[in-house]
Amino acid sequence: MKKILVANRGEIAIRVMKTARKMGVKTVAVFSTADRNSLHVKYADEAVCIGEPPSNQSYLLGSKIIEVAKSLGVDAIHPGYGFLSENADFAEEVEKNGIIFIGPKSQSIRVMGDKLAAKDAVKSYDIPMVPGFDKAITDVATAKEMAAEIGFPILIKASAGGGGKGMRVVEKEEDLETEMNHAVSEATASFGNGSVFIEKYISSPRHIEIQIMADSFGNTLYLFERECSIQRRHQKVVEEAPSSVLTPELRNIMGEAAVNVAKSCDYLGAGTVEFLTDDDNNFYFLEMNTRLQVEHPVTEFITGLDLVEMQIKVARGEKLDIRQEDLKIKGHALELRVYAEDPLNNFAPSVGNLEEYKLPVGKNIRVDNGFEEGQDVPIYYDPMLSKLVTYGETRNEAIQLMIKAINDYKVVGVETTLPFGKFVCEHEAFVSGNFNTHFVKNYYSPEALEKTAKEEAKVASLVALKQYLEDKKILRVISE
Ligand code: ADP
Ligand code: ADP
Ligand code: MG
């Protein structure tokens with residue numbers, strides 16, 4: 001493998017290219033006209049414009065990307081996350097053209113890309129699942145019957161769903177019809193597939209997922225868990241590893257369950273098996289993401305492994321060179337997704353120009369970043385600017401370093417989730433480890449954020465005033 005094309009943009013394209021470069025592999029970037037001046041384009045050895053800004057005219061043009069790859073003599077394509085990464089047809093086309101797809105086989109993607117097919121595939125492995133009906137429906141009458149049997153609250157989910165979309169919580173029967181219609185139309189609009197299914201809504205769950213890695217010799221490792229319970233709109237904002245609630249026993253049981261999920265679809269490469277856990281330490285299979293996950297850096301910190309390097313190695317047919325018993329968790333890592341979103345306005349996207357943009361630096365601080373000062377944040381894509389990751393020997397050390405790194409991160413021109421990240425790190429529920437996926441609903445409000453910010457400003461101004469008075473005293477002494 002001498003040359004890799006990265007079919008993605010932003011921080012993840014750069015992240016993948018960094019490892020390729022470290023391994024002596026050449027890199028090719030693709031970009032839309034909106035990204036002409038982007039960092040991923042500058043970072044790559046070669047870069048090719050593939051179309052207009054909307055993703056369906058550029059980053060989602062599978063055949064165009066394959067054409068570019070062939071014309072430049074590319075050996076393998078890394079899809080990153082989002083875009084074509086979980087598109088089974090694309091993976092298949094890549095392989096048909098004699099190029100390696102850095103990811104699982106298209107059949108595994110196909111099975112796991114559909115939440116119902118995934119549940120069906122893992123059935124014979126005794127994996128615990130959220131109570132519900134594993135059957136696609138589109139009509140309200142059937143939904144009512146199912147809901148009555150499961151008991152409210154229930155969750156309507158799009159089978160083809162992803163990114164927190166196509167999901168509706170229903171608290172009581174009166175709301176079922178409206179919510180059902182919403183879910184079906186949202187699923188149709190987002191995924192071109194209106195089938196939904198119904199699950200019991202787990203009342204105060206934590207989202208705990210297991211990273212796995214498989215080679216083509218039948219070896220599958222679990223690289224421990226990530227806790228991703230701090231979410232808005234069912235989508236993660238803060239992630240950490242390890243979770244503060246897993247016992248070593250539960251970690252092994254969930255790890256082995258995740259390995260079985262991978263085996264059920266003959267998995268190859270990096271993948272993530274997502275679970276919900278409840279207060280009684282029960283865990284339930286949610287879905288498998290058949291790609292590198294956004295939050296993979298926290299796993300890299302606590303295991304010392306480079307997941308992209310492992311992906312590349314198993315994709316070119318190498319055997320995994322570590323065994324499960326060699327793996328140990330060391331320290332604690334925390335990640336904040338720095339989105340260009342306004343935490344004071346319902347996390348609405350906040351696009352604009354990065355008039356000032358300075359990253360924090362220091363030991364145990366890692367920033368996977370896709371932007372630089374002066375650049376515009378385009379409206380066409382996911383508004384994530386970077387991922388801020390900190391590491392410490394203990395959870396508290398990682399949290400304190402995160403607060404410091406947030407203070408040192410300077411962004412002017414757009415609103416970001418940085419103040420929200422600080423709010424989380426300073427909140428008693430997060431610090432104590434006693435939180436669930438309802439953290440935002442239970443504790444967060446723009447007023448609460450403003451209140452903490454005001455208190456800090458007050459402290460800062462008192463410190464400044466004290467300093468001023470002391471300076472004045474010295475000046476007085478000098479002048480007297
Ligand atoms: P992870 O499970 O890795 O944290 P997310 O569910 O947050 O992943 O999705 C990863 C990225 O993939 C998102 O940031 C987004 O860019 C993209 N993505 C995934 N699913 C969708 C979707 N249905 N619609 C739009 N973007 C999506
Ligand atoms: P996606 O494909 O959008 O990532 P997931 O099935 O992984 O969908 O769920 C995303 C999030 O939605 C979970 O992390 C959790 O917060 C919430 N969720 C999903 N299923 C349930 C459930 N049955 N009960 C409670 N919360 C759920
Ligand atoms: Mg998910």
Side-chain angles (χ1 to χ4, degrees), residues 81-83 85-87 109 111-120 122 127-134 136 143 146-147 149-171 179 183 186-187 189-191 193 195-212 225-240 243 245 254 258 261 270-280 282-296 335 337 347 382 384 435-442 444:
Y81 55 73
F83 297 125
S85 62
E86 289 175 286
N87 183 319
I109 303 179
V111 171
M112 291 298 158
D114 184 293
K115 289 186 164 67
L116 286 175
K119 287 187 183 218
D120 201 46
V122 307
I127 311 287
M129 305 223 216
V130 181
F133 285 92
D134 306 337
M146 290 180 171
E149 199 160 320
I150 298 168
F152 288 93
I154 56 133
L155 185 64
I156 307 175
K157 266 190 187 179
S159 188
K165 292 202 182 71
M167 228 181 270
R168 293 275 165 166
V169 184
V170 189
E171 304 280 352
E179 295 300 339
E186 197 172 301
S190 309
F191 314 108
N193 173 354
S195 354
V196 298
F197 63 98
I198 295 184
E199 270 181 7
K200 173 86 191 151
Y201 185 68
I202 309 284
S203 64
S204 47
R206 298 176 78 118
H207 174 118
I208 297 184
E209 58 186 33
I210 309 285
Q211 174 71 52
I212 65 106
E225 79 278 8
R226 290 182 291 259
E227 159 98 48
C228 316
S229 299
I230 308 286
Q231 309 179 341
R232 49 105 186 73
R233 296 189 285 265
H234 301 301
Q235 222 198 8
K236 309 153 186 171
V237 203
V238 175
E239 300 105 339
E240 63 180 307
S243 160
V245 290
M254 289 178 73
V261 171
T272 296
V273 182
E274 299 189 330
F275 296 101
L276 289 183
T277 63
D278 66 17
D279 293 335
D280 302 322
N282 297 307
F283 65 94
Y284 308 97
F285 172 65
L286 266 189
E287 64 161 344
M288 178 171 196
N289 292 328
T290 55
R291 52 171 161 89
L292 189 67
Q293 200 96 337
V294 175
E295 56 275 19
H296 75 279
E335 172 179 286
R337 297 190 188 191
F347 296 94
D382 190 64
M384 197 173 74
F435 59 94
N436 56 43
T437 57
H438 302 308
F439 179 92
V440 169
K441 191 178 84 190
N442 290 348
Y444 177 74

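Atoms within a ligand are numbered from 1 in the order they appear, just like the ligands themselves.
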Can you find an N/O atom of [X] closer than 3.5 Å to an N/O atom of ligand 2?
{"X": "Leu276", "answer": "no"}
{"X": "Lys200", "answer": "yes"}
{"X": "Gly164", "answer": "yes"}
{"X": "Gln231", "answer": "yes"}

Atom of Glu287 nearest the Mg ion (ligand 3) (restricted to N/O/S, atom name only): OE2
Atom nearest to the Mg ion (ligand 3) - Glu274, N, O or S atoms considered: OE1
Close approach of Gln235 to ligand 2, heavy atoms, under 4.0 angstrom: no
Whether Lys236 lies under 4.0 Å from ligand 2, heavy atom: no
With heavy-atom distances below 4.0 Å as the criterion, list the atoms of ligand 2 near [X].
{"X": "Lys157", "value": "6 (O), 19 (C), 20 (N)"}
{"X": "Gly161", "value": "2 (O)"}
{"X": "His207", "value": "13 (C), 14 (O)"}
{"X": "Glu287", "value": "1 (P), 2 (O), 4 (O), 5 (P), 7 (O), 8 (O)"}
{"X": "Thr437", "value": "16 (O)"}

Does some side-chain heavy atom of [Y] sit less than 4.5 Å from a side-chain heavy atom of [X]?
{"X": "Gln293", "Y": "Glu239", "value": "no"}
{"X": "Met288", "Y": "Glu274", "value": "no"}
{"X": "Tyr284", "Y": "Leu286", "value": "no"}
{"X": "Val294", "Y": "Arg337", "value": "yes"}
{"X": "Asn436", "Y": "His207", "value": "no"}
{"X": "Phe439", "Y": "Ile230", "value": "yes"}
{"X": "Phe133", "Y": "Glu199", "value": "no"}

Option set Phe285, Tyr201, Tyr284, Phe275, criterion heavy-atom distance to atom 25 (C) of ligand 2, minimum: Tyr201
Nearest neighbour of atom 9 (O) of ligand 2 from the list His234, Glu199, His438, Met167, on a heavy-atom basis: Met167
Ligand 2-proximal atoms of Val130, by part, heavy-atom distance under 4.0 Å: side chain
Side-chain donor-acceptor contact under 3.5 Å, Arg226 with Thr272: yes
Aromatic plane relationship, Tyr444 with Phe347 - under 30° parallel, 30 to 60° tilted, over 60° perpendicular: tilted
Parallel, tilted or perpendicular, as decided by the 30° and 60° cut-offs, for the rings of Phe275 and Phe283: perpendicular
